[in-house]
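A quick note: this is a predicted structure, and the numbers were derived from the prediction, not measured. Positions are given from 1 along the sequence.
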Amino acid sequence: MQIFNISKRQMNVFDSDFQLSHICQTSTATNISLMTLEENGVIGNHQTVTNQLLIVLNGTGNVVGKEGEKTVGLGDVVFWDKGEWHETTSEYGMQVMVIESDELRASDMLSLKMDFKMK
């Protein structure tokens, strides 16, 4: 068994204010990160570099994409296509896991599509 400590790094790019903890990076260019938005945190508006999946682990917030702004909370999953402009904010704080990979496809996530709810 190996135990790792996940360090946090403050992020300010794209007029953002959140903490980023990289989980791992695979050999097929997949990034898995833990992001912590404190009170009034923001991941500023920018284009995705690759397909991106955001999974809300706790808290609530708002996400913006081509469909407009939506409120998300625990268990909600957001998928953004490569090149899509997007932003995430949280008034009271939120922790999310972000998975980024060209190999991610919304159509491959059949079980998530059934449960996916945008408020």
Exercise. Can you check whether D17 reaches E38 side chain to side chain, under 4.5 Å on heavy atoms?
Worked result: no
Problem set entry | Distance in Å, E87 CD paired with D15 CG, rounded so as to fall on 0.5 Å steps | 9.5 Å
For this session: Spell out, as yes or no, whether a donor-acceptor pair under 3.5 Å connects the side chain of N31 to the backbone of E100.
Result: no
Exercise. Yes or no on side chain to side chain contact (heavy atoms under 4.5 Å, CB included) for F18 and T88, after CA distance, side-chain angles and deciding distance?
Worked result: CA-CA 10 Å; F18 71 98; T88 302; over 6 Å; no
Exercise. Under 6.0 Å from the CG atom of D102, do we count more than 12 heavy atoms belonging to anything else shown?
Worked result: yes
For this session: State the CG-CG distance between L74 and N58, to the nearest 0.5 angstrom.
Result: 7.5 Å
Exercise. Do V64 and I43 share a hydrophobic cluster, counting only Ile, Leu, Val, Met, Phe, Trp and Tyr and linking them when any side-chain heavy atoms are less than 4.5 Å apart?
Worked result: no
For this session: Following the transitive rule for hydrophobic clusters with a side-chain heavy-atom cut-off under 4.5 Å over Ile, Leu, Val, Met, Phe, Trp and Tyr, establish whether V78 and V49 coincide in one cluster.
Result: no
For this session: Look at the side-chain heavy atoms of Ile, Leu, Val, Met, Phe, Trp and Tyr, link any pair under 4.5 Å apart, and say whether I99 and F79 land in one connected group.
Result: yes
Exercise. With sequence neighbours left out, what residues match D81 under salt bridge (charged side-chain N to carboxylate O under 4.0 Å, His left out)?
Worked result: K66
For this session: Decide if atom CZ of F14 counts as having more than 12 heavy atoms of other residues, nucleotides or ligands within a radius under 6.0 Å.
Result: yes
For this session: To the nearest 0.5 Å, tell me how far M94 CE sits from L54 CG.
Result: 6.0 Å
Problem set entry | Side-chain (S90) to main-chain (N40) donor-acceptor, under 3.5 angstrom | no
Exercise. With no hydrogens and no angle check, is any side-chain donor or acceptor of S16 less than 3.5 Å from a backbone partner on G44?
Worked result: yes
Exercise. Taking C-beta and beyond as the side chain, do T89 and L37 meet within less than 4.5 Å on heavy atoms?
Worked result: no
Exercise. Can you check whether E84's main-chain N or O pairs, donor with acceptor, with T48's side chain at less than 3.5 Å?
Worked result: yes
Exercise. So, H86 side chain and N45 main chain: donor-acceptor pair closer than 3.5 Å or not?
Worked result: no
For this session: Test side chain to side chain contact (heavy atoms under 4.5 Å, CB included) on I32 and M97 and set out the steps.
Result: CA-CA 7 Å; I32 303 171; M97 179 165 291; 4.0 Å; yes
For this session: With rounding to the nearest 0.5 Å, note down the distance linking OG1 in T60 to CD in E91.
Result: 8.0 Å
